[in-house]
Amino acid sequence: MKFGVVIFPGSNCDHDTFYVLRDIFKQDAIFLWHKEHDLKNVDCIILPGGFSYGDYLRSGSIAAFSPLMQEVKEFAFKGGLVLGICNGFQVLLELGLLPGAMLRNKNLKFLCQYVHLRVDNTDTPFTSTAKKGQVLRIPIAHYDGNYYSSPETIQEVKKNNQTVLRYSDARGRLSDEANVNGSLECIAGLINKSGNVMGMMPHPERASEALLGSEDGRIIFESLIKSLG
Amino acid sequence: MKVRILVSLKDSVLDPQGQTVRNALHTLGYESIKDVRQGKVFEIELEGVSQEEAAKVIPEISDKVLANPIIEKFSWQILEKG
Amino acid sequence: MKVRILVSLKDSVLDPQGQTVRNALHTLGYESIKDVRQGKVFEIELEGVSQEEAAKVIPEISDKVLANPIIEKFSWQILEKG
Amino acid sequence: MIDKKVIAEHNLTPEEYEKIVELIDREPNITELGIFSLMWSEHCSYKSSKIHLKKLPVEGKNVIQGPGENAGIIDIGDGLAAVFKIESHNHPSFIEPYQGAATGVGGILRDIFTMGARPIVLQDALRFGPLSKPKNKSIMEGVVSGISGYGNSIGIPTVGGDVYFNDCYSLNPLVNVFALGIAKKDKIFYAKAEGAGNPVLYVGAKTGRDGIHGATMASAEFGKDLEHKRPNVQVGDPFMEKLLLEACLEVMDKDLIVGIQDMGAAGLTCSTTEMASKSGTGIEIDLDLVPQREESMTPYEMMLSESQERMLIVAKKDRVEEVQRIFAKWDLDAVIIGKVIEGGRLKVKFGGKTVVDLPVRAIIDLCPVYEQESRTPRYLQSAIELGSVPEPDDYNHAFLTLLSSPTISEKEWVRRQYDHMVQVNTVFLPGADAAVIRIKGTNKALAVTLDGNSLYTYLEPKTGGKIAVAEACRNLACVGARPIGVTNCLNFGSPEKPEIMWQFQEAIEGIALACKIFDIPVTGGNVSFYNDTNGISIHPTPVLGIVGMVDDTRWITGPGFKSNGDILILLGENKEELGGSEYVKSIHRMEKGIPPQIDLEEEKRVQEFCLEAISLGLIESAHDISEGGLACCLAECSILSKGKMGISAHLKDNMRSDALLFGESQSRIVITSKEESREEIFHLARERGVKAMDIGKSGGERITISQRDKKLIDVPVAEAAKAWWEAIPEIFRIK
Ligand SMILES: Nc1ncnc2c1ncn2[C@@H]1O[C@H](COP(=O)(O)OP(=O)(O)O)[C@@H](O)[C@H]1O
Ligand SMILES: [Mg+2]
């Protein structure tokens, strides 16, 4: 099983994600370059965090047009596993692989801090090792993480159980206070209808070693590794 | 040819930036300001295209690139012909 | 009254956003686009002010709040009277 | 064409102009005059500070590079080197806070990666006027978002720094940015232009008319012509810099280049002349080849432009195409604009004509050096007289007021806007004394801290200098790190004022003395003079950036208590010292008195003891006592502990209660340990000649502090926490 971590110009969590996959989880991982068309037979693609193209225009928008992303789209349509973290999530939204869009955080400031996330759906390849309702402590670091979609779309999303991770307090209760960036329905992580493409604003790669303050992000990688099996 | 494209959030989408600007203006005593919406403007220089072609290209790039139709709308006008 | 205020970087000031958008459009095959400058637009709803007062207030808030006169310039127009 | 007025506009004295004529044996043309004016500016030449900086100790067995390059370098073992430096961006940040601060970040990062190091840490030392003034609030808001806008985007964590507020910064805020990178010891690059015939490449952003005269601006006082200076502002492009960073590190890794220099202050002028100077060669460039953003730029403008995100590279002749291929991969142009030549001259062509032909030595080495006049300031006579201040009636109230004074209160409002975790190295200790960054692939970590209390330095510059070093090192000791190298940013008023020069000399002496006693080399720094507006100077503000080494990540220690019932031990000695304290400043509204005195040998013993006890596993938490004194230190330990554990402290000292609680005596650390380690700790302390005092226990839900039998402070932790956390956010909350 092989992971591909995509590098866009301006990606800055590409090496972090790669490091965690290779050095912490001892997985086979390679980098994929945005200008290429070849996915090099990877089993799972991770779009890392950062500021692709400086996040000029809109976060993730220009990266969505890169040659590699057209292949990723194909790959996703065929059922391949794709995880977008932070900027990667924004790219997936811009690409239309996930529904909705991101607005600026409700306090209009960049936010870097730990948040609590309630796992609402464990029936996904990204969260299968979590318990339903489990609360994870994982950091966020973004400017545009205020999730939005139209009322019809959000109905759909809820009906299909696509809200995987939601901002909550330490005990799993949703509230305006816990919903630091103002996301609709406290959405922090979202999966597509067919269950193979997920985007999440928090950074699981930053919460994979005890030394750095939390290991709760491991669940995401462990689930992926298990499902690729 | 010079074209101006305005991109702004749809009316149905909350605009916290605009709100904050409004609040800031109120604090400064500009009470007459009832509402502020903030958007983006692009001024684009095109070369070697006719007006007709522009009328095709501009909405295309606005829809595809400059605006995100889920949250934004756009309008445009030609500033300088030629 | 509805007023539109356009704020953009002065011509001599580097506009990294506009540049990046232009490059992206080139990569997508829109070669006719020679230059892109990106700015902000504010649409403001004013109440109980005469046109004269608006002509005083608007440049004032543009200069003080909406634009940073050191690197930006602004222009404005009335969209709806009343 | 070059008359007195033109010379004066270029900030050159008539004598300096004469010297130029003498050196080049003719009148310079306007472009050449521009070049001299830049390179002979205080900012680039250090003409007033040079002789004083020589007092700083620069030697050490692990020093790979001391002052004189873009950044200093210290060997950290495992084949790795730490490359670090601090820089100021004060004037630009006052004119345009967002862009000024952002480009400050961009500039210091280029200093680090031009040397072949990947930057892994940013820190910022910020000084603003009081937040009661809207203008200061908006400067702070702009500066913080500028740093966050640039640092976050390029993906270097901003892991700490410090923020002080004082009226003296209202018209002259300070923005000092520190960066550190890691390089392989055998892959370090310098600003060299060796090998005649090697091509000179220009990479990065196109040149515009940005920041022309930026360096001269930083070398003059601010006054009424501020408006006029505004076009100097540059706009940063962190995305471009990220591409540059990756591309540069890639060409360096493949060994394709001879030397590299960033184009920051003084742009093409500085980079060409410095590279040639260091190698004893010359450089010839053709301005028609320089990528330009604006039309019809003159040679003068191009040579003086400070457009950001640009680099000058001397490539190996036969590897140029590879260099260009790598830059192309990152969507950057690498354009050959000239070559290295023999003969030590800078030759610049434009429109087929030679417009500059100057000896490099005249520009760099023969710049005048001044020993400016110095005189003890008159203000000192009245400033050190503190007189008697009344003790507060209500100590709880004074305590909460101090905790919520912006200088002391929690800076989370700032920190949260910075991505402090990218690169997955940040050992997470919110609010710790120093930031700790693990070194991947080893068990080691680096700790970094910035420090500088300008009130002490104002009242007694030499003491202020010593304390800045001591406190930074004490911060390192508290997390378990031993200091390995120093960089410093000296922010002062105009060197043409004898009283400022006196402050400068004294402060440097203090810094030098402390560095010698702690045995840490100074590897570089920055001097920012002319921090005066309308004739009023800031307090002398040396900011020390000290890097420490944690030999084993297992022993990293934080300020928060670990468990209820641990014993609280105070290392060092409480003294009745109130002068220059935050207490006197914010409660009694006076900037007066003799600042706390420091015995550097004693300080060293306390720090070494703390480190030793940490490495023996005897210590659960450690926090140093600084602004706000013992009481605020204890409050922070309590607020930062998990579950907000309270404190009951009993002090026996016989002195004024306010001095005991809020005085800022030096060389003190509060540690906690398990009851069963008590014996060992006190025994070790005795052996090491360190005073240690049992002052109480952690636990409960209140902070209570008593002096002998008198209860002075008794407040719920939650209340103290609220005062401390909420002070700054409350000021910025939009109602
Ligand atoms: N306060 C100081 N202490 C020690 N070295 C200093 C100090 N200020 C400047 N230097 C050294 O002088 C040299 C020139 O500094 P500077 O002009 O700021 O460098 P750069 O142009 O690369 O930004 C550097 O090597 C710097 O480390
Ligand atoms: Mg430099």
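In the text below, chain A, chain B and the rest are named by the order of the sequence lines, each starting its count at 1.
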Of the non-hydrogen atoms in C86(A) and H142(A), which two are nearest, and what is the gap between them? SG-CB, 3.9 Å
Is chain B contacted by the side chain of L103(A), its backbone, both, or neither, given a heavy-atom distance below 4.5 Å? side chain
Contacting moiety of L57(A), where chain B heavy atoms sit under 4.5 Å: both
Is a salt bridge present between K73(B) and D11(B), judged by a nitrogen-to-oxygen distance below 4.0 Å? yes
Start with the C-alpha distance between R4(B) and W76(B), add both sets of side-chain angles, then the distance that settles side chain to side chain contact (heavy atoms under 4.5 Å, CB included), and finish with yes or no. CA-CA 6 Å; R4(B) 172 182 293 157; W76(B) 60 281; over 6 Å; no
Could you tell me whether D120(A) and R118(A) have a side-chain N and a carboxylate O separated by less than 4.0 Å? yes
How many angstroms lie between CG in L92(A) and CD1 in I85(A), if you round to the nearest 0.5 Å? 10.5 Å
Closest-packed option against chain A by number of heavy-atom pairs under 4.5 Å, given Q19(B), E72(B), K10(B): E72(B)
Counting only non-hydrogen atoms closer than 4.5 Å, does K40(B) touch chain A with its backbone (N, CA, C, O), its side chain (CB onward), both, or neither? side chain
Does a salt bridge link K159(A) with E156(A), judged by any charged N lying under 4.0 Å from a carboxylate O? yes
By a 4.5 Å heavy-atom criterion (distance strictly below it), what part of V65(B) contacts chain A: side chain, backbone, both, or neither? both
Most heavy-atom pairs under 4.5 angstrom with chain A, which of I70(B), T20(B), V7(B)? I70(B)
Check whether L9(B) gets within reach of chain A through its side chain, its backbone, both or neither, counting any heavy atom under 4.5 Å. side chain
